[in-house]
2 protein chains.
Amino acid sequence: MPDTPPPLDAAQLGAYFALMEVAGLLRHAVEQQLREAGDLSYVQFQLLARLGLDSPSGSERMTDLADGVVYSRSGLTYQAGLLDRRGLVTRSPSTDDERSVIVAVTQAGRDLVARVLPGHADSIRRLLFGALTDDDVAALSDVLGRVREHMRATPPRSARPRAGRNRTA
Amino acid sequence: MPDTPPPLDAAQLGAYFALMEVAGLLRHAVEQQLREAGDLSYVQFQLLARLGLDSPSGSERMTDLADGVVYSRSGLTYQAGLLDRRGLVTRSPSTDDERSVIVAVTQAGRDLVARVLPGHADSIRRLLFGALTDDDVAALSDVLGRVREHMRATPPRSARPRAGRNRTA
DNA sequence: TATTGTTATACTCTATAACTATA
DNA sequence: TATAGTTATAGAGTATAACAATA
């Protein structure tokens, strides 16, 4: 016991709880909307959106996708498999490096994103931004952007070189 | 198709993505810390903390707990069952209303929260507040607090009176 | 040997629906 | 009839470890 450091001051607690609750509710709502509009989970949407909107080529390596979406490798394989089966992405071995797999959005994938996007944006505008001014949004974006940078810099899941000995106690 | 309303402006997109990523990473980290420190999920911690820190009596009705923790009833029953089995809470029928079940933290539950709390606060301070000034925290708390109020006012999961007809398409 | 990705497997969590009991 | 809670069940998602293949 490191002698009970003062947990968090009131403002910090408020910010933390508000963040978690808001993000939780928002994600819940968004998942629901995406599921109804396109039978997609949030993660699947993220993958499609990243490929379709971010990548110029519409394709990326598995590893690079995993880096951007937090997942474990196997989790990404699972999700990519689901998208593949629905014809929303294709997977093919890279010609450069035969170990790599290139995931590419299909036209069907792009269409689906396009179909789902307006409702998605709508949910967010309504729930998240419904009570905020432009200044609020700017402040939020600024502060959270800095937190994100900070978090990305901090090793989030790397501190795990040694396998084994990790259960219950 | 409602004729493609402009999705979201750049600032909104930035705030939205930052929020989701920050909350996701934070929750991931916090889950891990809680799991290691006390073999608790975030939800379980929330339940214990709510009972131990918020409720003066250390007890609450199932329904009231469910309202505060978003879950479905059955999900709460499941979690309460887990906590009960570990001796962290007890469940007993209310004397007022025999339909109700009163969940109460045990001393073991309080001890566990106390044991886990410092590390929990530590993670948050480090990850979430590590790059922020007091002003940032205040701004965050203010804006997100308002969003929370707004979201709570908006019916999040109520619009679901009719059962049935809800699958795939 | 290190990296990329898949597979097998086990487990946690969540939701729905059916059900019981009290108000 | 409405409310409180449980149970059964099914499904989605995630993580770990073992594995195969290429660099």
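Order of the sequence lines sets the chain letters (A, B, ...), proteins ahead of strands, with each chain counted from 1. Note that the coordinates shown come from a computational prediction; the quantities given were computed from them, not determined experimentally. Every heavy atom of this structure was used, including side-chain atoms; hydrogens, water molecules and symmetry mates were not.
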Exercise for review: Could you check whether the rings of A:Y42 and B:Y16 sit parallel, tilted or perpendicular, using 30° and 60° as the cut-offs?
Suggested key: perpendicular
Check your understanding: Within the structure, does a side-chain N or O atom of B:H28 lie under 4.0 Å from either OP1 or OP2 of D:dA15?
Key -> yes
Review point. How long is the line joining CZ of A:R27 and P of D:dA12, in whole Å?
Key: 16 Å
Exercise for review: Record whether the side chain of A:S74 comes under 3.5 Å of the base of D:dT16 through a donor-acceptor pair of N or O atoms.
Suggested key: yes
Check your understanding: Do the charged groups of B:E149 and B:R152 touch, with an N to O distance under 4.0 Å?
Key -> yes
Check your understanding: Between A:R61 (CZ) and C:dT4 (P), how many Å, whole number?
Key -> 5 Å
Check your understanding: Would the number of heavy atoms belonging to other residues, nucleotides or ligands and lying under 6.0 Å from CG of B:D97 be above 12?
Key -> yes
Practice item. Describe the nucleic acid contact of B:S94 in one word from base, sugar-phosphate, nothing, applying a heavy-atom distance below 4.0 Å. Key: nothing
Review point. How long is the span from the CZ atom in B:F45 to the NE2 atom in B:H120, to the nearest 0.5 Å?
Key: 4.0 Å
Check your understanding: Expressed in angstrom and rounded to an integer, what is the separation of B:L82 atom CG from D:dT7 atom P?
Key -> 12 Å
Review point. Taking the side chain of B:M62 as heavy atoms from C-beta outward, which of D:dT16, D:dA23, D:dT6 is closest to it?
Key: D:dT6
Revision key, fill the gap. When rounded to the nearest 0.5 Å, the distance separating CZ of A:R86 from CD of A:Q44 is 6.5 Å
Revision key, fill the gap. Of A:L40 and A:D96, the one whose nearest nucleotide on DNA chain D sits closer to the 5' end is A:L40
Review point. Among the nucleotides C:dT14, C:dT22, D:dT6, which one has an atom lying closest to any side-chain atom of B:Q79?
Key: C:dT14
Revision key, fill the gap. A:I102 CD1 to C:dT6 P, in whole Å, measures 12 Å
Practice item. Give a yes/no answer on whether the side chain of A:Q44 brings an N or O atom under 4.0 Å of OP1 or OP2 in D:dA12. Key: no
Exercise for review: Provide, to the nearest angstrom, the distance between the CZ atom belonging to B:R86 and the C1' atom belonging to C:dT12.
Suggested key: 14 Å
Review point. Separation of A:E31 atom CD from C:dC13 atom P, in whole Å?
Key: 17 Å
Review point. Where the side chain of A:V101 is concerned, which of C:dT22, C:dT6, C:dT14 is the nearest nucleotide?
Key: C:dT6
Review point. Counting side-chain heavy atoms from C-beta on, which of D:dG5, C:dT3, C:dA23 comes nearest to B:D97?
Key: C:dA23
Exercise for review: Answer with base, sugar-phosphate or nothing: what part of the nucleic acid does A:S100 contact at a heavy-atom distance below 4.0 Å?
Suggested key: sugar-phosphate
**Study point:** Atom-pair distance (CZ on B:R73; P on C:dC13), nearest Å
**Key:** 20 Å
Practice item. Could you tell me whether A:L65 contacts a base, only the sugar-phosphate backbone, or nothing, with contacts defined as non-hydrogen atoms closer than 4.0 Å? Key: nothing
Point to revise | B:T63 side chain, from C-beta outward: closest of D:dG5, D:dA15, D:dT22 | key: D:dG5
Review point. More than 12 foreign heavy atoms under 6.0 Å from CG of A:D111: is that the case here?
Key: yes
Exercise for review: Please tell me which of the listed nucleotides, C:dC13, D:dA2, C:dG5, lies nearest to the side chain of B:R99?
Suggested key: D:dA2
Check your understanding: If you check the B:R35 side chain, which of D:dA4, C:dT12, C:dA15 turns out closest?
Key -> C:dT12
Review point. Any idea which of D:dA4, C:dT6, C:dT4 is nearest the A:T77 side chain?
Key: C:dT6
**Study point:** Whichever of A:T95 and B:Y78 has its nearest DNA chain D nucleotide further upstream toward 5'
**Key:** B:Y78
Point to revise | B:Q32 CD - C:dT12 P separation (whole Å) | key: 16 Å
